[in-house]
Number of protein chains: 2
Amino acid sequence: MARKKPEVNSCDCQGARKSRRRDAVLDAVASSDGHLSAEEVHREAKKRLPGIGIATVYRSLKCLCGCGKVSEFIPPDGVARYEAAGSRGHHDHLVCTACGCFVEAVDPEIERLQERLAARHGFRLEGHRLEIYGLCACCARKK
Amino acid sequence: MARKKPEVNSCDCQGARKSRRRDAVLDAVASSDGHLSAEEVHREAKKRLPGIGIATVYRSLKCLCGCGKVSEFIPPDGVARYEAAGSRGHHDHLVCTACGCFVEAVDPEIERLQERLAARHGFRLEGHRLEIYGLCACCARKK
DNA sequence: AAGATAATGATAACCGTTATCATATGGCGA
DNA sequence: TCGCCATATGATAACGGTTATCATTATCTT
Ligand SMILES: [Mn+2]
Ligand SMILES: [Mn+2]
Ligand SMILES: [Zn+2]
Ligand SMILES: [Zn+2]
């Protein structure tokens, strides 16, 4: 007889309970191309649970970031953006100053040199943020 | 007979007039160690011109950033910070996650590899932002 | 099922920054 | 030097993304 799958909680945080809304928020982020603002996540989540409130979206995003399912990054305009962090590992962003698109990229050498730079200044490295601004291939062509 | 020095305007923007307050704002930023918030700049500027308002500080900072005398950078907490940009050239920041201090650093190799990374993705590079997070030497010792 | 506690939605509060507007000031031509 | 007009200024309201509050609901444990 088929037995119910063990309930997996979308949040691994201590004391966290399972919640349909948090699942919806994670699904909204995970099934998109990423780089959504909280408001955009809300719009997507409402397609799954029409009544979900914006406060819950913020709370869920914070929780999901805390347990590593989602990662946040804050562009210069100060509006946080979210993307699924499960399988996709760390990456940096090339940000187009014309159309605002994001291109993801990693350069292992840059990553390594950052460690060296931190060490050189006695820093115990915990993380970093690298954003490269410019015109994406598409926008550069139009100019 | 000593004649007055030609008035130099602290702002090179088109149509800008000389203003004592903008001078005071520039002086406040230039004579500090940098990385001041707008509110901190206001506090310093008031030592020079007690009546100066916060709106004027914001306006002056924007103007001074526009003509390259001051540079702005926005840490993850979203509160803009300012530093003199005249002689000091580009640099990146090592940010201590414990005490919040900033250490300035440049790695020419990282700078060069960023150009390569941009080119590799067809980006016409305009600028970048690199922040490295971790414990500064001082804070790492205390842990 | 009942009790304990986490989750939720509506909305007020927060806070750095920007916009507004009446007034003051700087710089130019006469 | 004087007058004109665009720019600069200060007080303060408005803005917008995010967080806090609180009464209610959902989930988990026993
Ligand atoms: Mn990304
Ligand atoms: Mn600096
Ligand atoms: Zn583009
Ligand atoms: Zn430190």
Side-chain angles (χ1 to χ4, degrees), chain A residues 4-28 35-43 45-46 48-67 69-70 72-82 100, chain B residues 4-28 35-43 45-46 48-67 69-70 72-82 100:
Chain A
K4 225 193 314 189
K5 270 188 295 202
E7 296 282 7
V8 272
N9 193 335
S10 58
C11 177
D12 298 334
C13 304
Q14 153 68 14
R17 292 175 180 177
K18 185 159 174 45
S19 113
R20 226 173 319 148
R21 343 265 167 133
R22 196 153 51 215
D23 290 349
V25 169
L26 177 56
D27 189 56
H35 312 127
L36 282 71
S37 67
E39 199 175 347
E40 289 165 346
V41 173
H42 188 204
R43 184 155 44 245
K46 275 193 287 193
R48 294 158 175 80
L49 291 175
I52 190 171
I54 185 70
T56 297
V57 170
Y58 274 107
R59 277 184 296 237
S60 298
L61 286 171
K62 178 164 293 185
C63 169
L64 292 166
C65 285
C67 57
K69 304 278 177 54
V70 168
E72 174 190 72
F73 98 105
I74 301 178
D77 70 3
V79 179
R81 295 194 165 267
Y82 301 89
Chain B
K4 221 188 329 185
K5 268 188 298 201
E7 295 282 8
V8 271
N9 193 333
S10 60
C11 176
D12 298 335
C13 304
Q14 152 68 15
R17 293 174 178 175
K18 186 161 171 43
S19 113
R20 224 175 323 147
R21 343 263 166 139
R22 197 152 49 215
D23 291 350
V25 169
L26 177 56
D27 189 57
H35 311 127
L36 281 70
S37 67
E39 198 175 349
E40 288 164 349
V41 173
H42 188 206
R43 183 155 46 245
K46 275 194 285 194
R48 294 157 176 81
L49 293 173
I52 191 171
I54 184 70
T56 296
V57 170
Y58 274 107
R59 277 184 296 237
S60 298
L61 286 171
K62 178 163 293 185
C63 169
L64 293 166
C65 285
C67 56
K69 304 279 176 55
V70 168
E72 173 191 75
F73 98 103
I74 302 179
D77 70 4
V79 180
R81 296 195 165 266
Y82 301 89

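In the text below, chain A, chain B and the rest are named by the order of the sequence lines, each starting its count at 1.
Using a 4.5 Å cut-off on side-chain heavy atoms (C-beta onward), B/Phe73 and B/His35 make contact.
Taking NZ from A/Lys69 and SG from A/Cys67, the interatomic distance works out to 4.5 Å, rounded to the nearest 0.5 Å.
For B/Ala55, counting side-chain heavy atoms from C-beta on, the closest listed nucleotide (D/dG10, D/dT9, D/dA26) is D/dG10. The side chain of B/Thr56 lies closest to D/dG10, out of D/dT27, D/dA8, D/dG10. Here the nucleotide nearest the side chain of B/Arg17, chosen from C/dT18, D/dA20, C/dG26, is C/dG26. Checking C/dT11, C/dA19, D/dT9 against the side-chain heavy atoms of A/Ile54 singles out C/dT11 as nearest. Distances were taken from every side-chain heavy atom of B/Ala80 (C-beta onward) to each of C/dG9, D/dT18, C/dT17; the shortest belongs to C/dT17.
Of the residues near DNA chain D, B/Ile52 and A/Glu72, the one whose nearest nucleotide (by heavy atom distance) lies more toward the 5' end is B/Ile52.
Counting to the nearest Å, the C1' atom of D/dT25 and the NZ atom of A/Lys18 are 17 Å from each other. Rounded to an integer number of Å, the gap from B/Leu49 CG to D/dA8 P is 16 Å. Separating the CD atom of B/Glu40 from the P atom of C/dG16 is a distance of 11 Å, rounded to the nearest angstrom.
Under 4.0 angstrom from either OP1 or OP2 of C/dT17 there lies at least one side-chain N or O belonging to B/Tyr58. In this structure, B/Lys62 reaches the C/dT18 phosphate: one of its side-chain N or O atoms is under 4.0 Å from OP1 or OP2. Residue B/Arg20 places none of its side-chain N or O atoms closer than 4.0 Å to OP1 or OP2 of D/dA8. One finds no side-chain N or O of B/Ser19 lying less than 4.0 angstrom from the OP1 or OP2 phosphate oxygen of D/dT7.
Side chain A/Arg59 to base C/dG9: a donor-acceptor pair is found below 3.5 Å.
Closest approach of A/Glu40 to A/Arg81, counting heavy atoms only: OE1-NH1, 3.2 Å.
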### Query
What's the verdict on side-chain contact (heavy atoms from CB on, under 4.5 Å) for B/Lys18 and B/Asp23, showing C-alpha distance, side-chain angles and the deciding distance?
CA-CA 8 Å; B/Lys18 186 161 171 43; B/Asp23 291 350; 2.5 Å; yes
